[in-house]
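What's counted below: heavy atoms across the whole structure, side chains too, no hydrogens, waters or symmetry copies. In this text, all values refer to a predicted model and were calculated from it rather than measured experimentally. Below, chain A is the first sequence line, B the second, and so on; all start at residue 1.
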Protein chains: 2
Amino acid sequence: MDDVAGAIADEVRREILTLLRAGPLPAGEIAGRFTISRPAVSRHLRVLRDSGLVRDELVGRQRIYTLVPERFTELAGWIARFTRPSGWEQRLDALATEVHRTRRDRSRGTDRQENTA
Amino acid sequence: MDDVAGAIADEVRREILTLLRAGPLPAGEIAGRFTISRPAVSRHLRVLRDSGLVRDELVGRQRIYTLVPERFTELAGWIARFTRPSGWEQRLDALATEVHRTRRDRSRGTDRQENTA
DNA sequence: AGGAAGCGTAACTGATGGGTTACGGGTTTG
DNA sequence: CAAACCCGTAACCCATCAGTTACGCTTCCT
C-alpha cells in the first residue's frame, strides 16, 4: 500500500494507469502517448511495476504491461476507513479533553476563529 | 485528488491522519507523538492542510486540526475505477473490458499479438 | 549475418522535499 | 508590561527524483 500511494501520486503514472485500463500495452506504445522521453516513461513504468500496480510480460522484443486491479484494493481499503465518519460526534468534547491536557485550569469564554481554505 | 494522493504517500502523514481519526488534535499534541521535530510535523500538517484532508482552526493559542472525511472520497472514487468487481462496495460492472488496442500500424504486415493475463 | 526495432540501464543534472535549528508573531498568565 | 507558551516560517543541508542523452542487450526481418 505504501508504494501504491506513491505511485499514484504522480500525474504521468496516473495517466499510464488510465491508459492501461483499456487493456495491456507495450512500453513503446505507452511512451508514444507522452511528450517526455521514452526512458522517462520507462522509469515510471518501473515504479508502477515495483508498486505492483502493473505486471510486465516479455512478448518477443516487446514488453507488455498489464494492469493488476487487485493491487488497488489494499489502498482503497485504507482510504475507506476515513470516508465514513464512523462515530465521533463528540468532536468538541474530545477537543476539550485535549485542551485540558495542557491547562488543567478552569475555563473562560473560548473565542474561536477559523482558518480554512 | 492530485494533492491528496501525494499527501497520503508519506508515512508520517498517514500516521497523523490515523491519529486524527479519533478526533481533533492541536498541533503540539500531534507533534508530541513523533520523534521528529515539531517544525517537521508542522510542515507535514501544512501539506495535509493544502491537500484538504484536514482543516485547522485557531482556538486561543492552539491550532486544532480536524479530519475532513469528504476529501478522501474523491481519491477513493478514482481508485475504485481500477478495482475488480470483487464485490464490496463496487458497483456491478456494466462495461465489458474492451481490449481495443489502437496499434500503430505500419504499412507492412503488422505483427499482431494479443496478450491478456 | 547484418541491420533495424524495442526497451531497459547507466551517468549526469536541475528541481523537489524532508530533516534540522533559529527566529518571530499572536495568546495567555502573573 | 513581561514572561512563558504554542505554532508557523525562514534559512540551510542532504537525500531523492524526474528528466535528459548515450549505450547495450535482445529479437525480428531481409
- Assess whether one donor atom and one acceptor atom, taken from the side chain of A:Arg38 and the base of C:dG8, lie less than 3.5 Å apart.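 Yes, a donor-acceptor pair under 3.5 Å.
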
- Considering only side-chain heavy atoms of B:Arg43, which listed nucleotide, C:dT20, D:dC7, D:dT21, is closest?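 Minimum distance to the B:Arg43 side chain belongs to C:dT20.
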
- Message: When you measure from the side-chain N and O atoms of B:His44 to the phosphate of C:dG17, is any distance below 4.0 Å, counting only OP1 and OP2?
- Response: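 No, outside the criterion.
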
- Between A:Leu58 and A:Thr35, who's closer to the 5' end of DNA chain D by nearest nucleotide?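 Looking at the nearest nucleotide for each, A:Thr35 comes out on the 5' side.
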
- Between D:dG8, D:dA18, C:dG8, spot the one nearest the side chain of A:Ser42, thanks.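 Closest nucleotide to the A:Ser42 side chain: C:dG8.
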
- Query: Where the side chain of A:Pro39 is concerned, which of D:dT20, C:dC7, D:dG8 is the nearest nucleotide?
  - Reply: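 For the A:Pro39 side chain, the nearest candidate turns out to be D:dT20.
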
- Task: Name the nucleic acid region contacted by B:Ala40, choosing base, sugar-phosphate or nothing; use a 4.0 angstrom heavy-atom cut-off, strictly under.
- Result: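 Base, at least one base atom sits under 4.0 Å.
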
- Item | Interatomic distance, A:Arg63 CZ vs C:dA5 P [rounded to whole Å] |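 Checked: the CZ to P distance equals 20 Å.
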
- What is the distance from CG of B:Asp56 to P of D:dT9, rounded to the nearest Å?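 Atom-to-atom, B:Asp56 to D:dT9, this comes out as 10 Å.
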
- Message: So, OP1 or OP2 of C:dG8: does either fall under 4.0 Å of a side-chain N or O from A:Arg46?
- Response: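 Answer is no, no contact under 4.0 Å.
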
- Can you tell me how far C1' of D:dA18 sits from CG of A:Leu48, to the nearest Å?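 Those two atoms, CG and C1', are 14 Å apart.
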
- Counting side-chain heavy atoms from CB outward, which of C:dC7, D:dG8, C:dG26 is closest to B:Arg61?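 So the side chain of B:Arg61 is nearest to C:dG26.
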
- Message: Under 4.5 Å between side-chain heavy atoms, counting indirect links through other Ile/Leu/Val/Met/Phe/Trp/Tyr residues: same cluster for B:Val47 and B:Leu19 or not?
- Response: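 No, B:Val47 and B:Leu19 fall in different hydrophobic clusters.
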
- Message: If I take atom CG from residue B:Leu17 and atom CD1 from residue A:Ile79, how far apart are they, to the nearest 0.5 angstrom?
- Response: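 Going from the CG atom of B:Leu17 to the CD1 atom of A:Ile79 covers 10.5 Å.
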
- Calculate, to the nearest 0.5 Å, the distance between atoms OG1 and CZ belonging to B:Thr18 and B:Arg14 respectively.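 Reported value, rounded in 0.5 Å steps: 8.5 Å.
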
- Message: If I take atom CG in residue B:Asp10 and atom P in nucleotide C:dT16, what distance separates them, rounded to the nearest angstrom?
- Response: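 In whole Å, C:dT16 P and B:Asp10 CG are 18 Å from each other.
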
- Could you state the atom-to-atom distance from CD of A:Gln62 to C1' of C:dA4 in whole Å?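 Roughly 14 Å, once rounded to whole Å.
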
- Closest nucleotide among D:dA4, D:dG19, D:dT27 to the A:Ile36 side chain: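 My answer, after comparing the listed nucleotides, is D:dG19.
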
- Message: Could you measure the distance from the CD atom of A:Glu70 to the CZ atom of A:Arg55? Nearest 0.5 Å is fine.
- Response: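 It is 8.0 Å, given to the nearest 0.5 Å.
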
- Query: Picking from D:dA22, D:dG8, C:dC7, which would you name as closest to the side chain of B:Tyr65?
  - Reply: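 Nearest to the side-chain atoms of B:Tyr65, counting from C-beta on, is D:dG8.
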
- Message: Taking any heavy-atom pair under 4.0 Å as a contact, classify B:Phe34: base, sugar-phosphate, or nothing.
- Response: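 Contact class for B:Phe34: none.
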
- Query: Over how many whole Å does the gap from A:Asp50 atom CG to D:dT16 atom P extend?
  - Reply: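 Between P of D:dT16 and CG of A:Asp50: 16 Å.
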
- Message: How many whole angstroms separate atom CD1 of A:Ile64 from atom C1' of C:dA5?
- Response: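 That distance rounds to 14 Å.
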
- Message: Taking the minimum atom-to-atom distance to the side chain of B:Ser37, which one of C:dT21, C:dG8, D:dG8 wins?
- Response: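 Of the candidates, C:dT21 comes closest.
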
- Task: Among A:Asp56, A:Leu67, A:Ile64, find the residue that satisfies the side-chain contact (heavy atoms from CB on, under 4.5 Å) test when tested with A:Pro24.
- Result: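 Exactly one pass, corresponding to A:Ile64.
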
